Amino acid sequence: KLPNISNTYALRGSSVKICSEIKRRGNKLAFVGGFSNGEKVQVSIYSSLLDLERGDVIKVNKSPSKLKSRALPGEFDYKLYLENKGIFLNLSINDKNIEVVSESVMWRRWYSIRKGIRIYFDSKLSAGNLSQNSKGLIQSLVLGNRTDLDDEQYKQFQQSGIVHVLAVSGLHVGFISLMITYVFGFL
């Protein structure tokens with residue numbers, strides 16, 4: 001059901017809470033954000049300087065736009081995919097158009113532990129004599145971190161129908177991080 005989004009300009013200058021994990025590709029950060037009125041927005045920020053995490057709140061100095069369909073017949077319809085998730089707006093900005101309003105302490109602690117595990121594991125992999133493809137594959141399977149996975153390998157996972165293995169692997173690391181946070185959070 002399409003909500004009544006007649007005036008997206010009214011959302012200019014509004015605060016957006018980061019509601020999903022941030023996907024990083026080069027200098028692009030992508031995530032789902034939420035406005036205070038409940039509207040969800042697909043956000044893309046182009047910056048190599050920002051250190052944002054889930055739960056942070058940013059103020060945007062740009063109006064979001066309504067999603068546009070770019071799919072050709074028979075292609076994947078990204079607009080329809082986002083609409084099925086309740087996302088009807090898109091916001092593409094650079095770091096000059098945002099201001100970090102608040103940071104989530106809980107999420108920062110969680111990501112800090114998770115990042116520590118990934119750094120430790122990455123240092124152990126780097127010490128080995130592995131090719132970049134092998135290193136990327138192991139990181140994907142063990143940590144769910146697909147940033148170093150070769151695009152061709154990822155396509156092979158998709159075509160074989162087992163790409164979910166990569167997501168499940170990362171989920172396990174998330175559970176381990178959560179248990180560590182819970183156990184050592186009381187100390």
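Keep in mind that the numbers below use all heavy atoms, side chains included, and drop hydrogens, waters and symmetry copies. These numbers were taken from a predicted model, which means no experiment stands behind them.
Summarising the local packing, CG of Asp151 is surrounded by 12 or fewer heavy atoms from other residues, nucleotides or ligands at distances under 6.0 Å. In Lys135, the NZ atom is crowded: over 12 heavy atoms of neighbouring residues, nucleotides or ligands sit closer than 6.0 Å.
A 4.5 Å side-chain heavy-atom check between Glu21 and Phe31 finds every atom pair outside the cut-off. Under the 4.5 Å side-chain criterion, counting only non-hydrogen atoms from C-beta, Arg54 is not in contact with Ile22. Gln42 is listed as a side-chain neighbour of Tyr78, based on a closest heavy-atom distance under 4.5 Å. For the pair Val60 and Asn97, the minimum side-chain heavy-atom distance is 4.5 Å or more. By the 4.5 Å heavy-atom criterion applied to side chains, Leu89 and Phe35 are counted as neighbours.
Remark: Ser131 OG to Leu137 CG distance equals 9.0 Å, nearest 0.5 Å.
A continuous path of Ile, Leu, Val, Met, Phe, Trp and Tyr side chains, each step under 4.5 Å between heavy atoms, connects Val41 with Val100, placing both in one hydrophobic cluster.
Summarising the geometry of Val57 relative to Ser15, their closest heavy-atom pair is CG1-CB, 3.8 Å, with the distance given to 0.1 Å. Taking both residues in full, the closest heavy atoms of Gly86 and Lys40 are given as O-CB, 3.7 Å, listed atom of the first, atom of the second, then distance. Taking every heavy atom of both residues into account, Gly33 and Cys19 meet most closely at C-SG, 4.0 Å. Nearest heavy-atom pair across Lys62 and Ile93 is CD-CG2, 3.4 Å. The two residues Asn94 and Ile45 have their closest heavy-atom pair at C-CG2, 4.4 Å.
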